[in-house]
2 protein chains.
Amino acid sequence: MTTRNTGVRASLHHHPLPNPVPTGEYEHCPVTDVLRRVTDKWTLLLITLLGRRPYRFNELHRAVEGISPRMLTRTLRTLESDGLVDREVFPTVPPSVEYRLTPLGVSLLEPLSVLAEWAVDHHTEIVAARQRPS
Amino acid sequence: MTTRNTGVRASLHHHPLPNPVPTGEYEHCPVTDVLRRVTDKWTLLLITLLGRRPYRFNELHRAVEGISPRMLTRTLRTLESDGLVDREVFPTVPPSVEYRLTPLGVSLLEPLSVLAEWAVDHHTEIVAARQRPS
DNA sequence: CTGAATCCGAGTCGATACTG
DNA sequence: CAGTATCGACTCGGATTCAG
C-alpha cells in the first residue's frame, strides 16, 4: 500500500461504528501500517533470526536462502529506519557490520509469535480451502 | 516506452482479475503466507467489520470509505477462497449477497487483536524513529 | 444491487554486475 | 566484507465502463 490514508469508518479496536462519519481526515491505520512492514517477503524471517542473536550482513545472507544483497540491504534499512533493528559498524579491515533487534524489535516477537502459532495451526485448513472447487 | 507488455506474452499470462489471487511462492512459510493475505490494503479492515456482523456488498462498500467495487470483490473473493469468509446469495430481485466470517475467520480475530494492540501501543515510537535523522 | 471487463501507473522484487 | 547500480518482470490497486 502506498502511504495513502485508508479512509476508514471503523478500526480494529473497539470504537462503536459511527454511522456517517463525516470526516475525510482519518489517520492512517497503525495496524495495517505495521503489518505492511512485517509482511514483505523477507522481514518476518529476518526479525525471527535476529530474535535469536545479532548477525553480520553476510551471515544473514547465508542464513536466508535466496535473498539478494539488494533485498537484504533494503529490508534491513527499513527495519532500522522503523527503529526495530540497530546497525553497528565496526571499522575493521575488512569492514564488519552487525545487526541486532532493538528493545522495540524484541517487543514485537511475542505478538508475532501469537499470529505465527495461529498460522501454523490453521495453514492446512487454508490450503485445503484454496483447493476446494468453486 | 514504459514497461507495458506487448502482444502474445501479455495475453497469455496477464489475467486482469485472477480469481484466487496468485499466491506466489509463499505457501512454503505458513506464517508469511497468512500475513501476506491479511496485509493487503483492505483485508484487515474487512475482517474487522465482518467480525462484528454479516454485511451485504454495498454495506461494505459504504462502510469502507474509498474502496472500489473491484477491490472489494477481489478481496472478498480471496477471503472466501481461503476459507475465512462465507458468501451467501439470496436470489431476490434485486439480488442480495451476504458475507460473514467462517469459524476459521473468527478464530483469526484474536491473534490479530494481539498484534493490533502492539501496533497501537508502539506506532508513535515507530513514526518517531522514521523521522529521526538517520 | 452485485458485480465483471479493461486500461494503466506505481510500487515490489529478482538478477546481475560492480565498488570501497 | 558489505554493500550500490541498473535493468526488467511482475503485481497491486485505482478509474472507468458495462452487465445480469
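Just so we're on the same page: letters track the sequence lines, and every chain starts at 1. The figures that follow rest on heavy atoms only: side chains count, while hydrogens, waters and symmetry mates do not.
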key: Candidate nucleotides D/dG13, C/dG3, D/dT4, ranked by approach to the side chain of B/K41 - the nearest   =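 Nearest to the side chain of B/K41 among the choices is D/dG13.
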ask   = Between C/dC13, C/dG3, D/dG13, which one does the side chain of B/V97 approach most closely?
value = C/dG3
Mark yes or no for whether [X], through its side chain, and [Y], through its backbone, hold a donor-acceptor pair below 3.5 Å.
| X | Y | result |
| --- | --- | --- |
| A/T102 | A/G105 | yes |
| A/T43 | A/T39 | no |
| B/E59 | B/R56 | yes |

Side-chain N or O of [X] less than 4.0 angstrom from OP1 or OP2 on [N]?
| X | N | answer |
| --- | --- | --- |
| A/R77 | D/dA2 | no |
| B/R36 | C/dC13 | yes |
| A/R87 | D/dG3 | yes |
| B/Y55 | C/dC1 | no |
| B/R70 | D/dC12 | no |

task = Specify the residue among B/P95 and A/N58 whose closest nucleotide of DNA chain D lies further upstream toward the 5′ end.
result =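 Going by which nucleotide is closer to the 5' end, it is A/N58.
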Most 5' of A/T73 and A/P94 on DNA chain D, judged by nearest nucleotide =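 Final value for this comparison: A/P94.
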Measure from [atom1] on [X] to [atom2] on [N] and round the result to the nearest Å.
| X | N | atom1 | atom2 | value |
| --- | --- | --- | --- | --- |
| A/D40 | D/dC12 | CG | C1' | 15 Å |
| B/Y99 | C/dT2 | OH | P | 8 Å |
| B/E65 | D/dG13 | CD | P | 18 Å |
| B/I67 | D/dG13 | CD1 | P | 10 Å |
| A/M71 | D/dA9 | CE | C1' | 14 Å |
| A/R37 | C/dC13 | CZ | P | 12 Å |
| B/R74 | D/dC12 | CZ | P | 6 Å |
| B/F90 | C/dC1 | CZ | C1' | 14 Å |

request  = Go through B/D82 and A/R132 one step at a time and tell me if the salt bridge (charged side-chain N to carboxylate O under 4.0 Å, His left out) criterion holds.
outcome  = CA-CA 9 Å; B/D82 282 356; A/R132 237 181 16 201; over 6 Å; no
request  = Check the hydrophobic clustering (I, L, V, M, F, W, Y; side-chain heavy atoms under 4.5 Å; chains of links allowed) and say if B/Y55 and B/V97 are grouped together.
outcome  =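 As far as the 4.5 Å side-chain criterion goes, B/V97 and B/Y55 are connected within one cluster.
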key: Position toward the 5' end of DNA chain C (nearest nucleotide), A/G66 or B/E59   =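 Closer to the 5' end of DNA chain C: B/E59.
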